[in-house]
Amino acid sequence: MAARTITWFAWVLMAFVTGAYCCLSLATFSNTYRVNRGSDEIREMLSVMAAAFFGSAIVFIYSLLSFCVILRKTVTKSAGGFGYGLITSSSIHMSILCSLCGVVLHGFEKEMKERFEGNSDTESWTKLETGVFAATFILAYVSAFVYAIFFLILLFTKGSFGRGVQTQHLPVTLKTKPTKSARTPKRITFNEDEEVEIRIESTPDITSL
């Protein structure tokens with residue numbers, strides 16, 4: 001029960017941090033597209049917009065998928081399974097993805113500030129947009145760390161959603177094959193004048209216990 005609570009607490013923390021990252025990432029995508037729309041420089045900003053948009057989209061999909069899997073495990077009280085293994089392995093992939101998105105955005109921090117902030121052609125880009133941009137890649141790094149912790153929690157609590165092992169003491173019956181204590185007498189004829197009767201007795205034959 002305690003491990004199950006820890007898993008849900010970790011998911012809520014993960015959803016809160018990554019949800020904030022999604023909002024900032026979409027805001028960065030919108031701001032970057034707005035100041036570059038209709039200009040030839042938009043090609044140079046494709047990597048920034050791709051990292052911001054696809055990063056937030058994949059994070060949202062994973063949060064929704066992991067919620068459905070954990071909720072189903074909680075209701076059905078079943079441990080492990082394909083869905084649980086999928087979100088466990090995907091969490092470490094999400095950590096790598098968020099780190100990659102953070103590195104891409106971080107690399108453009110200085111260029112975004114020099115190119116757009118204070119530029120008369122891009123008056124809509126102010127210090128606020130620069131701050132949002134910086135907060136986006138910072139939260140990307142934080143999300144990567146949270147996903148790594150979430151992976152460890154899922155890994156070590158994979159059996160916490162089960163019903164537990166129930167032991168039943170069943171009666172055991174030992175069966176033996178019926179044996180004959182004596183066999184039918186056999187007559188052996190030695191010659192025409194005498195007969196010898198031989199009785200063969202056998203011991204109980206226990207084949208298995």
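- Cluster annotation: F9 is not connected to F156 through the hydrophobic network of ILVMFWY side chains, with a link wherever side-chain heavy atoms come within less than 4.5 Å.
- S63 contributes a side-chain N or O that, together with a main-chain N or O of V59, makes up a donor-acceptor pair within less than 3.5 Å.
- Remark: side-chain polar atoms of Y141 are paired, donor with acceptor, to backbone N or O of G102 under 3.5 angstrom.
- Under the 4.5 Å side-chain criterion, counting only non-hydrogen atoms from C-beta, W8 is in contact with T74.
- Of all the heavy atoms in S95 and A144, the pair that sits closest is OG-O, 2.7 Å.
- Note: C98 SG to H93 NE2 = 13.0 Å, rounded to the nearest 0.5 Å.
- Ring pair Y147/Y62: centre-to-centre distance below 6.0 Å.
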Show your reasoning for whether side-chain contact (heavy atoms from CB on, under 4.5 Å) applies to S143 and M14.
CA-CA 7 Å; S143 298; M14 181 268 296; over 6 Å; no
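- Atom CZ of residue F150 and atom CG of residue L155 lie 12.0 Å apart, to the nearest 0.5 angstrom.
- Between A10 and I153, the shortest heavy-atom contact is CB-CD1, 3.4 Å.
- Using a 4.5 Å cut-off on side-chain heavy atoms (C-beta onward), S56 and F29 make no contact.
- Contact annotation: the side chain of L13 never approaches that of I149 to less than 4.5 Å [non-hydrogen atoms, C-beta and beyond].
- Contact annotation: the side chain of M45 approaches that of E111 to within less than 4.5 Å [non-hydrogen atoms, C-beta and beyond].
- Side-chain atoms of S25 come within 3.5 Å of backbone N or O of A52 as a donor-acceptor pair.
- Within the model, atoms CG of L97 and OG of S91 stand 12.5 Å from one another, a figure rounded to the nearest 0.5 Å.
- Note: the hydrophobic cluster containing L139 also contains F16 (ILVMFWY, side chain heavy atoms under 4.5 Å, direct or indirect links).
- Hydrophobic clustering of Ile, Leu, Val, Met, Phe, Trp and Tyr side chains at less than 4.5 Å, counting indirect connections, keeps I96 apart from L152.
- The nearest pair of heavy atoms linking A134 to E109 is CB-OE2, 4.3 Å.
- With contacts defined as side-chain heavy-atom distances shorter than 4.5 Å, the pair L154/I87 qualifies.
- Both L65 and I58 belong to a single network of hydrophobic side chains, linked directly or stepwise wherever heavy atoms of I, L, V, M, F, W or Y lie under 4.5 Å apart.
- By the criterion of side-chain heavy atoms lying less than 4.5 angstrom apart, applied directly or through intervening Ile, Leu, Val, Met, Phe, Trp or Tyr residues, I61 is not grouped with V12; the two fall into different hydrophobic clusters.
- You'll find the side chain of M112 stays beyond 4.5 Å of the side chain of T130, heavy atoms only.
- For the pair Y84 and T157, the minimum side-chain heavy-atom distance is below 4.5 Å.
- Summarising the geometry of S47 relative to V104, their closest heavy-atom pair is O-CG1, 3.8 Å, with the distance given to 0.1 Å.
- Taking CZ from F108 and OG1 from T32, the interatomic distance works out to 10.0 Å, rounded to the nearest 0.5 Å.
- Between the side chain of S89 and the backbone N or O of L86, at least one donor-acceptor pair lies under 3.5 Å.
- F133 has its side chain within reach of V48: a pair of non-hydrogen atoms, C-beta onward, lies under 4.5 Å apart.
- Among residues two or more places apart in sequence or in another chain, the side chain to side chain donor-acceptor pair (under 3.5 Å) test is passed with T136 by T28.
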